[in-house]
Every structure is written in C-alpha cells, then in structure tokens.
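The basis for the numbers below is simple: all heavy atoms, side chains too, and nothing from hydrogens, waters or symmetry mates. Convention: sequence-line order gives letters A, B, ...; per-chain numbering from 1.
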Amino acid sequence: MIKKSNNGHGGSIMDEMIKPGVKKFLEKCRDNGFQTSYANNIDSLLSVLSGWAVNWGVKKIVLGGLSMGLAEKIRGELAAKKGYEILEIGEALEGLEGLRTGSMGIFRARAGVEETGGLVVLDDWASNLASLIPAYAVGLIEEDEVLRDYWMLAGLIRQNRPGGLVIISGPSSTSDIELTHVVGVHGPVGAGCIVVGFELD
Amino acid sequence: MTSRSRIIETLGRKWEVDTRWRSMLVMSQKSSSGMERLHPSYLKNLFESRQKTVENLERLVSLTIESITKAGGNVYLAKTAEDARRYIVELAESRGVKSVIKSKSMTSEEIDLNNSLIKRGIEVVETDLGERIVQLAGQRPSHIIAPAVHMSREEIAKLVKEKRKGEVTTQPEDITRFFRRDLWNSFQTADMGVTGANVVVAETGHVVIVTNEGNGRLVATMPRIIVSIAGVEKIVESWDDAFNVLRVLPVTAVGRDATSYISVIGPHGMSRHATVSEFHLVLLDNGRLKASSEPWLRDALRCIRCAACLDTCPTYRILGGHVFGDIYTGPMGVPWTAITKGIQSASEIAKYCVSCSLCLHACPVQIDIPLTISWIKHSASGKSLREKMLTMYEAYARMGSRLPRLFNWLQGSRYSRRIMESLLGIDKRRLMHRFRGGSLYSVLGEKYLGRREADLVYFPDTYAAYIDWELGLLTVRVLETLGYNVAVPKALSSGMPSIQYGLHSKARRTAARNVELLREYVREGSRIVCSEPTAAYCLREAYPKILGTPAAEGVAEATWELTSFIAREAKLSPTLASQQTQINVFYHYPCHSRILSPQKPSIELLRRVNLNVFTVDYGCCGIAGTWGMRKGVEGFLISAEIGRRVAEIVLETGCMEIATESSVCAQQLRQFTGLKTRHTVRYIAESLGIQQRDYNVLNF
C-alpha cells in the first residue's frame with residue numbers, strides 16, 4: 001500500500017520510496033526548523049517549490065549554484081506559469097538589499113548530514129549567497145548525497161579540498177535576549193530542504 | 001571599584017541576579033541533558049583530539065602555517081596581544097579600511113582589538129546580537145556565548161532608542177527585527193570582516209566558525225578583506241579531529257546537536273565575489289605555548305569555549321561575568337586569565353571559585369578547573385589570615401568535641417558570634433552544627449581503631465568524627481549489619497579547606513598522611529568508604545593529582561562513597577523496606593557526589609527503603625564547605641542568595657524532609673528551608689531496625 005504523507009504544501013511523498021537514511025535525515029532537518037520534502041520527479045519538485053513560495057508569500061526567487069537545465073525548468077514553471085521574478089544570484093549582487101524581504105533562494109547543496117540534519121554547501125559562492133541573503137532559502141540535494149555523519153563529510157573535504165564550505169542546520173536564530181528563541185536574525189527567517197530521487201545536474 | 005563594592009552593587013540588582021540564575025539553570029540543564037544523550041565515544045574522541053593538540057601544539061602551529069602558506073594564503077603568528085593588534089591595525093590602514101564588521105570573537109576581546117581600531121578612526125561594528133547590545137551599552141560580554149544575558153528586554157529596548165534612534169517594543173522578536181535591518185547596512189558597506197575561530201584545521205589550513213544568527217557567514221562573505229583571529233590552542237590536526245569538536249560543542253553549549261551554521265573559511269576566504277578575496281589568519285600565542293608545558297595550566301588549553309562551566313557555577317549564576325571574570329569569565333576564565341595575563345591577575349577572580357567541582361562534572365574535555373584554580377590560588381602571593389584560619393576547621397571541631405557545652409553556647413550567643421565574625425571571619429548569621437560531645441574514635445575505641453584486617457575502612461571526616469559521632473556510629477552499624485567487618489583508623493580530616501583556599505603545602509601534608517595510613521589497608525584488600533562526599537572526592541580525585549604517587553592512586557581506586565557502595569555492592573534485603581513508613585522526601589544531590597556517583601545511587605536506595613523521593617536538578621546549594629560560612633560578601637551573602645533560591649525550589653515540592661549526604665549542604669538546606677535534613681544512611685539504618693538517638697538536637 002502506498003502511504004501518502006502530506007508535506008503541507010501541495011506535494012505528496014511516497015514514504016516507502018524514501019531510503020531509511022534519507023527519512024532520518026529529513027526528520028532531523030525538521031527538528032532543526034527546516035521545512036522538508038522529498039520529490040521523486042521534477043514535477044513534484046516544482047510543485048513543492050511553488051507551494052512553499054506561496055506559503056512564504058515571496059515575490060522574487062533567486063537561484064544559486066543550480067545546473068542550467070534545472071534553472072530553466074524552474075523558470076519555466078515559476079516565472080512563466082506563476083509569474084515570479086527569477087534571478088541568478090550573480091545578477092542580484094548589486095541589489096542584495098532587495099532580497100532581504102519577500103524572496104526565496106534556491107541553492108544546490110552538495111551533501112546532507114543525516115546525524116545532525118544539515119545541508120552542506122561546498123566551495124560554491126553562488127549557493128553560499130543564495131542560502132544566506134534571501135528571506136527564505138531552500139536547499140536541494142540528491143538522495144545519494146545524504147551522508148551518515150560528519151566524519152563521512154571529513155572524507156569528502158579531504159578528497160575535494162574545497163576553498164570554503166558551509167553546513168546549514170536550520171534557519172538563522174538567536175536566544176540573546178532573555179534566552180527567548182527568535183528565528184530570523186541576519187540570515188534567512190525560514191529554511192527548506194528538499195531531497196530528490198533523481199539527478200539534479 | 002573594589003571587588004566588595006562590585007559584589008554589593010550586583011547583589012542589589014535583584015532582577016539581573018534572578019534572571020541570570022534562572023537562565024543559567026536552564027542552560028546547564030540543556031547542556032547536561034545533551035551530554036547524557038551523546039554517545040560516550042564522542043566525548044572520548046573529543047578528549048583525545050584536544051589532548052593531541054595540547055601535546056603537539058608547536059608542531060601543529062607549524063603545520064597550519066605550512067598548509068596556509070602552501071595554498072597561497074596569509075597567516076601571521078602573533079606572540080603577544082600587542083603583536084596581533086599591530087598586525088591587524090596595520091593591515092587595515094594599509095588597505096584603506098574605514099569600517100570593520102565583526103562576528104563574535106573572545107580572542108579579539110583578549111587583544112582589545114576594537115579600541116585599537118577605533119583610535120585609528122576606523123568604525124567597528126559588532127554583529128552578533130548579544131555582542132552588539134553590549135557594545136552599544138559600553139560594556140563587555142558577561143557570558144562567552146550569551147554576552148547580554150545580564151540585560152533585560154526593557155534595558156535593551158531603551159538602548160535601541162537612545163543609541164540607534166530606533167522605535168521598538170520590548171518584545172525580543174521586535175528588537176531582533178530592528179537589529180536585522182540596522183546591521184544590514186554595515187554588512188554591505190564594511191571593508192573588513194573580523195571573525196573569531198572555533199577550530200583551525202592544520203591539515204588543510206581551514207578556519208571553522210560556529211554561529212546561529214548568520215552574522216559569522218555575512219562577516220566572512222561580504223567585505224573585501226577578511227581576518228580571522230584564533231588562539232593557537234584552537235588548532236586541531238585533521239578534519240576528523242575538527243568534527244570531534246564540532247559534534248560536541250553545540251550539545252554542551254546549548255543542548256542542540258547542531259548550530260544553524262558551521263562556516264568554513266579556506267586560505268582564500270569566502271567572499272561574495274567570485275574573484276579571490278584577501279584573507280588573513282592571525283594565530284595568537286599570548287602565553288598559550290608556554291602554558292602547554294605548565295603541568296597545572298596545560299589542561300585548560302583543551303577548552304572548547306562551550307561555557308557549560310559558567311552555566312553550572314553557583315557563584316557565576318549570582319555574580320555574573322562582570323564580577324566573576326576578566327575577559328574570559330566564570331570558572332574557565334580563571335585559568336584563561338592566568339594563561340593570558342598571569343597568575344596574579346587570575347588570583348583576583350579565583351576567589352569566586354568555591355571548589356564545588358560542578359564545572360569539572362560539566363566539562364566535556366575533563367579539565368579539572370577547581371584543582372587548577374586551587375593551584376592558581378596557591379601560586380599567587382598574599383593569602384588572607386582568615387582563609388588560613390578556615391583551613392584549621394578540623395582543629396576547631398576537635399576542640400568543640402572536647403568542650404561541647406562551651407562551643408554550643410559560643411555558637412548560639414549573639415555576642416560571641418560577633419566576636420567570631422571579627423576574629424575568624426565566620427558570618428554571625430550562619431547556622432552552625434551543634435556539637436554532640438566526644439569523638440567517633442573515643443566512642444568506637446581500640447577495637448575499631450586498631451583493627452588491621454577489615455573488609456572496609458570507614459573514613460568519617462570532620463563532621464562524623466568530631467561534630468556528631470552518632471552519624472559515624474550509625475554508618476559502622478549499617479555496614480556491620482550488611483555483613484562487613486569495619487575498621488576506623490584515626491585519620492586526619494580530608495583537608496578540603498586547604499585545597500579550596502589554595503594552601504597546597506598543607507593540603508599535600510594532609511593528603512600524604514592519610515594516604516600513608518590508608519595504603520596499608522588497601523594493600524591488604526580493604527576498601528575505603530566515606531559517608532561525606534567531599535571526603536570521597538578528596539581521596540578519589542584530589543589526592544592523586546596533588547600527590548601524583550602510585551599509593552595515592554591505589555587509595556583512590558579503593559575509595560567508595562557510602563551510598564554508592566551500599567547500592568552497588570551490599571545486599572540490602574528488599575523485605576526490610578516495608579518497615580519504613582512511606583513519606584515524601586526531597587533528595588539533595590551534593591556536588592561532589594555528581595563527580596563520584598553520577599548514577600544517583602542514593603535515590604535508588606531511598607526508594608528501596610519505601611520512601612517517595614522527589615528531586616530537582618538545580619546544581620549547588622551554595623554553601624561549598626567553609627566558604628558559605630565566611631563573613632558577608634566573602635561568602636555568606638552570596639551563599640544566602642543561592643540558598644534562598646534553592647529553598648524555593650525544594651519547598652515547592654511539598655516535601656517535609658530532606659535527605660542528603662553532605663554535612664555542609666545539610667547546614668545550608670536546614671537554614672534556608674527550615675526542614676529537617678538527614679543523612680541518607682539514617683533512613684537505611686531505620687529500615688534495618690538500627691536504633692538511633694534523637695537527631696533533632698543536631699542538624700543532620
């Protein structure tokens with residue numbers, strides 16, 4: 001029997017298709033404050049992105065580090081059909097301030113860490129900016145890119161020797177005023193993570 | 001301002017003290033529950049990685065410099081704080097820097113970077129929310145990971161209005177939104193970004209910073225020049241070592257498995273521009289390399305700055321980092337002040353350590369902060385006469401055991417308490433134990449004192465030996481009823497006051513005498529049992545470190561806390577439990593027991609003897625041996641602030657009795673709750689049908 005679980009934004013997930021490690025990863029991401037979803041094809045991915053954009057009330061979408069093919073598909077769905085303004089992060093460098101409200105960044109993460117629920121942006125200034133500046137940021141990874149723990153990531157770092165990297169484990173937050181937890185300080189006020197069951201690049 | 005007036009002023013700010021106490025309670029509970037969740041191998045791996053750094057510090061500094069240089073990056077090893085300041089200021093001036101944004105960095109506080117840049121006309125903006133708040137208030141951080149924890153939302157909202165002309169409500173969400181807007185312009189226009197470092201990875205030359213707000217990422221991304229400042233002890237050899245730190249750090253700091261962001265800056269930085277930016281790593285020595293060869297200071301280099309020791313420290317919870325601290329605050333601030341500013345500076349704040357050892361229990365890298373602080377007190381010049389007199393508590397108790405009526409009268413009379421306060425520095429408001437008269441040794445006689453072959457050696461310490469021998473007698477009776485052959489050789493008291501006040505020569509003499517006496521029994525296969533947790537702590541933890549001899553190690557290995565021994569080793573018949581009337585008892589967990597018996601065996605025992613046991617983890621009750629007896633701001637006033645808050649928690653449970661094992665904790669709890677406070681062994685004795693005298697005349 002196929003169990004459908006609602007991701008809250010119009011997309012559907014077929015639970016038994018998701019590998020156990022990916023499931024645990026998504027659970028951990030949710031604990032960390034991410035919106036999460038699994039997409040087994042491009043239509044499902046576009047549907048989730050569209051749903052989240054509506055839910056967050058964004059007007060602009062900023063792409064960073066995505067393949068040309070994927071970027072085109074996102075433009076085709078979200079710009080042409082839904083009317084969103086879509087920019088590559090490189091085009092937006094002079095107007096970063098305009099991205100601080102009402103925008104959603106979509107970036108390519110190169111790995112996920114199952115044990116702690118984090119997305120890894122590896123040596124990629126465009127993904128770094130798209131995950132940092134906009135009001136909301138959504139990271140995309142392929143299911144085979146979910147690593148068990150940090151020490152598997154250590155192997156990846158040694159192998160790739162990246163210039164820089166970021167591990168993102170939730171939206172920006174603080175507890176600096178009377179230990180009250182507030183989401184959205186300098187980085188995104190909302191964060192999303194979508195694991196896909198197909199090739200992204 | 002003198003430390004006395006600083007304490008009085010702080011205690012007068014009731015809201016601040018209340019808030020800090022509650023906040024630290026929450027933070028330490030998060031930290032300790034996080035630690036309990038962690039697989040022990042993570043803590044073991046973390047320890048090994050940090051120890052490797054300490055043992056190979058010079059080599060790892062060279063390896064880091066080599067990795068960064070090979071990758072074409074810039075790295076500078078600064079010998080002193082002044083050296084580091086000069087390098088960064090000259091760099092800024094030579095590149096025409098007009099404004100600097102900073103993410104949180106205690107190392108930059110250590111080198112007083114902000115003032116040096118401001119003096120050269122360069123604007124400096126802190127971007128961590130807490131750091132920005134204290135910067136606007138003209139203060140320094142009071143806590144290393146929660147810099148503005150001492151300020152109320154009302155104070156912060158007022159500050160925003162006065163200093164930034166911002167209109168905000170007192171809601172943290174509203175204030176946070178204001179700073180998000182207000183600081184964005186600084187992020188966009190700054191020429192230089194300055195970050196700290198949580199880890200530097202020698203094998204690749206990467207700098208790792210851990211943040212939640214995202215300011216660290218913006219500081220490392222937006223400006224054209226990025227400078228990271230890292231103490232050399234932050235270096236780890238490999239990425240595996242780095243993740244050993246990064247996996248545990250957020251758990252012990254905030255109780256979470258991960259912070260929102262781990263940013264890794266490579267030898268060429270992490271600029272928003274696709275082109276190469278200018279990145280400089282300043283590695284700071286400032287006493288660290290020298291400390292790596294100092295036996296008592298080197299362990300402090302393992303510190304990962306998680307602040308778990310601050311959160312759990314009873315005096316820090318009351319006084320905060322502006323009193324108990326220099327640049328580095330709280331317990332870890334003491335050795336770190338010694339490393340960076342010298343022993344004498346450290347001794348100024350070392351006096352706020354009460355040797356409860358909760359920081360040792362909380363520390364994920366097992367730094368024995370209390371003993372390190374004791375060594376700092378020992379090494380600093382100028383011991384007070386009153387502290388020396390407090391180390392003679394055993395002699396006082398012996399005299400009291402001989403002249404109980406006189407001593408009980410002296411302790412009860414308002415006039416003599418005033419004299420005691422002026423001469424001995426014992427606060428006249430402190431409730432004292434009453435002497436029963438006679439000593440345990442005289443009551444037990446030669447049969448126990450001279451017995452050479454025994455299953456167990458009972459080490460009673462001051463209270464059970466001289467103040468109320470009945471507790472010692474009951475302990476012996478309970479152990480005999482459980483089938484053990486017990487010897488009670490005449491030992492010195494554990495000597496904790498000498499350790500607490502840094503009189504190491506005296507502490508060594510006491511330790512050596514006791515080890516000499518007990519080693520013979522241990523050699524014959526006896527085990528040592530202590531009814532006082534502090535005595536067990538001295539024998540098991542402190543003596544081996546103070547003496548460093550195999551004999552001390554042998555005694556340590558054979559030592560047990562009484563309740564732990566009964567729970568784990570003795571056969572306590574379950575049928576005995578029904579003899580006890582079921583009552584509600586609050587269990588207070590003494591600080592030293594946490595180190596020795598983390599499984600809380602006493603609670604298990606009390607439940608086995610048919611009691612309803614309640615407990616709350618609030619940490620230290622605030623007396624800490626003779627410290628809480630000391631006059632006014634030297635002890636009692638701070639101790640009373642803690643005691644009152646603990647009493648509120650205990651009384652809320654509705655229990656009418658308190659069980660604990662520490663005689664001084666009992667003194668404190670009795671004074672501030674007004675409840676009958678008894679040693680756990682008394683409940684066990686009752687359940688075993690052992691007759692007890694009237695304990696109400698005494699306190700424990």
If only side-chain N and O atoms count, and only distance matters, is there a donor-acceptor pair under 3.5 Å linking A/Ser172 with B/Glu213?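 Not at all, the side chains of B/Glu213 and A/Ser172 share no donor-acceptor pair under 3.5 Å.
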Just checking, any donor-acceptor pair under 3.5 angstrom between side chains of B/Arg217 and A/Asn128?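 A pair is found: one side chain offers a donor N or O, the other an acceptor, under 3.5 Å apart.
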To the nearest 0.5 Å, what is the distance between [atom1] on [X] and [atom2] on [Y]?
X	Y	atom1	atom2	value
B/Phe243	A/Ile157	CZ	CD1	4.0 Å
A/Thr174	B/Asp128	OG1	CG	6.5 Å
B/Ser263	A/Ile167	OG	CD1	9.0 Å
B/Met151	A/Glu178	CE	CD	10.5 Å

Is there a side-chain contact between [X] and [Y] in this structure, where contact means two heavy atoms from C-beta onward sitting under 4.5 Å apart?
X	Y	result
A/Arg100	B/Arg181	no
A/Ile177	B/Phe179	no
A/His186	B/Thr211	no
A/Thr180	B/Arg153	yes
A/Asp176	B/Val149	no

Options A/Val185, A/Val189, A/Val183, ranked by heavy-atom pairs under 4.5 Å with chain B, top entry: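 Most heavy-atom pairs within the cutoff with chain B belong to A/Val185.
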Heavy-atom contact with chain A under 4.5 Å, split by part of B/Asn185: neither
Under 4.5 Å from any heavy atom of chain A - which part of B/Arg256: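 For B/Arg256, side-chain heavy atoms alone lie under 4.5 Å from chain A.
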Could you tell me which portion of A/Pro171 (side chain, backbone, both or neither) has an atom closer than 4.5 angstrom to a non-hydrogen atom of chain B?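 Contact with chain B: backbone only.
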